[in-house]
Amino acid sequence: MPEHAPTTPGAAVRRHDIVIVGGGLVGASLAIALDGLGLDVAMVEAAPAGALPAVFDQRNLSFAEATCNALANLVVWRLLRTPAGPIRRIHVSRRGDFGRVELDARDYDREAFGQVVVASDFGEALEARLGELRHLTRYRPARFIESGIDGDARVVRVADGEGEHQLMTRLLVGADGTQSMVRAALGIAAEHHDYGKTLFVARMRCDRAPDGTAYERLTDDGPTALLPRGDRHYGVVHAVSADEADAVAALDDEAWCARIQDAFGWRAGRFLSAGPRSRYPAQRALAERLTASRGVVIGNAAQTIHPIGAQGFNLGLRDALTLVECIAASVADAGANEVLQRYAQRRVEDRSRTIAFSDGLARLAANPSPLLRPLRTLGMGAIAQVDAVQSMLVGGAMGYRGDVPALCREVAR
């Protein structure tokens, strides 16, 4: 069915080279990365000026080395107000199974595999950097309504406190999350899967300060991850069955600490206290394609994946940076077919391998069947003893998978 450009009688049309819908982690990072190209960029954001999007809460973000490199090159890293927590070691085990995997960054000539950053701190750093951009127009608070094709451009209809506006752009970018309205407007279908789990996120303190080890403890209900923050606390992600979620949310702090102690064990010490808990459904949403006529989806709008392995934002940032590289080769028309085709081709390997890793690990780790126990034990043993398997895993964990954007490879000196 052909698209038609939406119209608002009497509305003035505002023209931009690129319109980004979504001002969260990936959308804001894309706007920052585009600034050096000199293009007229607009960002449509749900949050009002002076407020951060809801995604910038107390959850803990695990940034791969490639992501840290890119954020340093984008002059975002230096704007973090609180220190990040280096991940110097990775420890993975499964309750009830034999074997474990232990990886040390020093064995790969690295000081750390990555860094742990609190989302609210990252949001403030992104906001400070956005304020420095020369070529960005921000519509906020505003919401995307619809979009259609008008010749060699897209008409985008948005609404804010002053009413509805029409934006004309060569390229519309959907960075508006799992339930992306842009994806729907572009006619891109998505496959959804509910893992039947709820994830609880909290800051927790132990009787021993973190030593740089990131733990992933796998159980029948999913992972319990401990990430070493830079404030001497751990960031905890605890998965429970969806039908248990309300009961777990109702636990007092003492009972919550006891639950995490039981799920995780004593490797990190005794859990003493916990901050406020947030909860999120564990789900997967995969766009069947990444591009449409003068439109593209990135980040969670393109793929929302299980948080096991902490690959979501890292993958989304590589989406954004790859898109910028493709646009940079043809700045005269950011939404040209060849630009979008090249982008889609470049994202195939990284995207497919990361999704397969995340989904496969989530399904295998959570399957309680005793028949799978020998297979899991063999897998743990292979990772622990075979250098080639370890190197492949470590390379992916550090963000070096597939066609890696240049800004991810090293920090400019």
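The figures that follow rest on heavy atoms only: side chains count, while hydrogens, waters and symmetry mates do not.
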Kindly indicate, with the supporting measurements, whether the criterion side chain to side chain contact (heavy atoms under 4.5 Å, CB included) is fulfilled by Thr178 and Gln283.
CA-CA 9 Å; Thr178 304; Gln283 54 188 227; 3.4 Å; yes

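- Val324 is listed as a side-chain neighbour of Leu30, based on a closest heavy-atom distance under 4.5 Å.
- Defined by atom type and a distance below 3.5 Å, a donor-acceptor pair is present between the side-chain atoms of Ser93 and Arg217.
- Atom-to-atom distance recorded for Leu286:CG and Ser352:OG is 11.0 Å, nearest 0.5 angstrom.
- Glu162 CD: 12 or fewer foreign heavy atoms inside a 6.0 Å radius.
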Decide salt bridge (charged side-chain N to carboxylate O under 4.0 Å, His left out) for Arg106 and Glu111; before the verdict, give the C-alpha distance in whole Å, the side-chain angles of both, and the deciding distance to 0.1 Å.
CA-CA 6 Å; Arg106 293 174 297 183; Glu111 181 181 344; over 6 Å; no

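- For the side chain to side chain contact (heavy atoms under 4.5 Å, CB included) test with Asn60, the passing option among Val117, Leu227, Val236, Leu226 is Leu227; the others fail.
- Proximity of a side-chain donor or acceptor of Asp403 to a complementary backbone N or O of Arg347 within less than 3.5 Å is not detected.
- The backbone N or O of Ser278 sits nowhere less than 3.5 Å from a side-chain atom of Arg59 that would complete a donor-acceptor pair.
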If you apply the rule salt bridge (charged side-chain N to carboxylate O under 4.0 Å, His left out), what do you find for Arg318 with Asp350, and how did you get there?
CA-CA 9 Å; Arg318 297 195 294 273; Asp350 184 15; 2.7 Å; yes

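- Between the side chain of Ser180 and the backbone N or O of Asp176, no donor-acceptor pair lies under 3.5 Å.
- Put simply, the side chain of Pro223 reaches to within 4.5 Å of the side chain of His306, judged on heavy atoms.
- Side-chain contact check for His165 and Arg14: at least one donor-acceptor pair (N or O, by modelled atom type) lies under 3.5 Å.
- The residues Arg401 and Glu349 are annotated as not salt-bridged, no charged nitrogen and carboxylate oxygen being separated by less than 4.0 angstrom.
- Within 6.0 Å of CD on Glu288 lie more than 12 heavy atoms contributed by other residues, nucleotides or ligands.
- Atom CD of Gln115 and atom CG of Leu80 lie 9.5 Å apart (nearest 0.5 Å).
- Between Arg129 and Leu126 the shortest side-chain heavy-atom distance does not fall below 4.5 Å.
- Taking OG of Ser273 as the reference point, atom CG of Asp207 lies at 11.0 Å (rounded to 0.5 Å).
- Looking only at distances, a side-chain donor or acceptor of Arg89 sits under 3.5 Å from a matching main-chain atom of Asp211.
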Evaluate Arg346 against Cys326 for side chain to side chain contact (heavy atoms under 4.5 Å, CB included), listing each step before the verdict.
CA-CA 9 Å; Arg346 287 188 58 182; Cys326 294; 4.0 Å; yes

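- The side-chain heavy atoms of Ile305 and Thr354, taken from C-beta on, include a pair separated by under 4.5 Å.
- Looking at Asn314, its side chain does come within 3.5 Å of a backbone N or O of Ser62 through a donor-acceptor pair.
- Here the closest non-hydrogen pair linking Val19 and Thr169 is N-OG1, 3.4 Å.
- Between the side chain of Gln261 and the backbone N or O of Phe271 there is at least one donor-acceptor pair closer than 3.5 Å.
- Remark: side-chain polar atoms of Arg229 are not paired, donor with acceptor, to backbone N or O of Asp231 under 3.5 angstrom.
- Ala72 is linked by a side chain to side chain contact (heavy atoms under 4.5 Å, CB included) to Trp77, Val411, counting only residues two or more places apart in sequence or in another chain.
- A salt bridge links Glu191 to Arg284: at least one charged side-chain nitrogen sits closer than 4.0 Å to a carboxylate oxygen.
- Side-chain atoms of Glu65 and Tyr400 form a donor-acceptor pair, as typed in the model, at a separation below 3.5 Å.
- In this model, no donor atom of one side chain and acceptor atom of the other lie less than 3.5 Å apart for Thr213 and His91.
- When all heavy atoms of Pro405 and Thr322 are compared, the closest pair comes out as CG-OG1, 3.3 Å.
- Glu45 is not listed as a side-chain neighbour of Pro141, based on a closest heavy-atom distance of 4.5 Å or more.
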Side chain to side chain contact (heavy atoms under 4.5 Å, CB included) between His135 and Leu39, intermediate numbers included
CA-CA 7 Å; His135 307 292; Leu39 295 171; over 6 Å; no

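- Using a 4.5 Å cut-off on side-chain heavy atoms (C-beta onward), Val248 and Arg259 make contact.
- The ring pair (Phe, Tyr, Trp, His ring centres under 6.0 Å) test with His238 singles out one residue from Tyr215, Trp256, Phe264, and that residue is Trp256.
- Ion pair Arg279/Asp246 flagged as a salt bridge, since at least one NZ, NE, NH1 or NH2 atom sits closer than 4.0 Å to an Asp/Glu carboxylate oxygen.
- Atom-to-atom distance recorded for Leu34:CG and Ile20:CD1 is 5.5 Å, nearest 0.5 angstrom.
- Taking CZ of Arg154 as the reference point, atom OG of Ser147 lies at 4.0 Å (rounded to 0.5 Å).
- Side-chain contact of Asp319 with Gln303: a donor-acceptor pair under 3.5 Å is present, judged by distance alone.
- Salt bridge status for Asp121 with Arg81: absent, with no side-chain N to carboxylate O gap under 4.0 Å.
- Judged by distance alone, the side chain of Arg294 and the main-chain N or O of Asp152 form a donor-acceptor pair under 3.5 Å.
- Looking at Arg351, its side chain does come within 3.5 Å of a backbone N or O of Ala302 through a donor-acceptor pair.
- Atom-to-atom distance recorded for Thr291:OG1 and Leu340:CG is 5.5 Å, nearest 0.5 angstrom.
- Salt bridge status for Arg143 with Glu164: absent, with no side-chain N to carboxylate O gap under 4.0 Å.
- At a threshold of 4.5 Å between non-hydrogen side-chain atoms, the residues Tyr343 and Ile327 do not count as touching.
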Would you please test Arg277 and Asp253 for salt bridge (charged side-chain N to carboxylate O under 4.0 Å, His left out) and show each step?
CA-CA 10 Å; Arg277 280 165 263 159; Asp253 286 353; 3.4 Å; yes

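- The two atoms that bring Ile188 and Ala287 nearest to each other are CG2-CB, 3.9 Å, heavy atoms only.
- In terms of heavy atoms, Arg140 sits closest to Gly50 at NH1-N, 4.2 Å.
- Between Phe313 and Phe63, the gap from one ring centroid to the other is short of 6.0 Å.
- In this model, a donor atom of one side chain and an acceptor atom of the other lie less than 3.5 Å apart for His16 and Asp40.
- Side-chain polar atoms of Asn69 and Arg409 form no donor-acceptor pair below 3.5 angstrom.
- Scanning all heavy atoms of the two residues, the minimum distance from Ala301 to Gly174 falls at CB-O, 3.6 Å.
- Thr198 contributes no side-chain N or O that, together with a main-chain N or O of Tyr280, makes up a donor-acceptor pair within less than 3.5 Å.
- The nearest pair of heavy atoms linking Ala185 to Phe144 is CB-CZ, 3.6 Å.
- The shortest side-chain heavy-atom distance between Ile18 and Val173 falls under the 4.5 Å cut-off.
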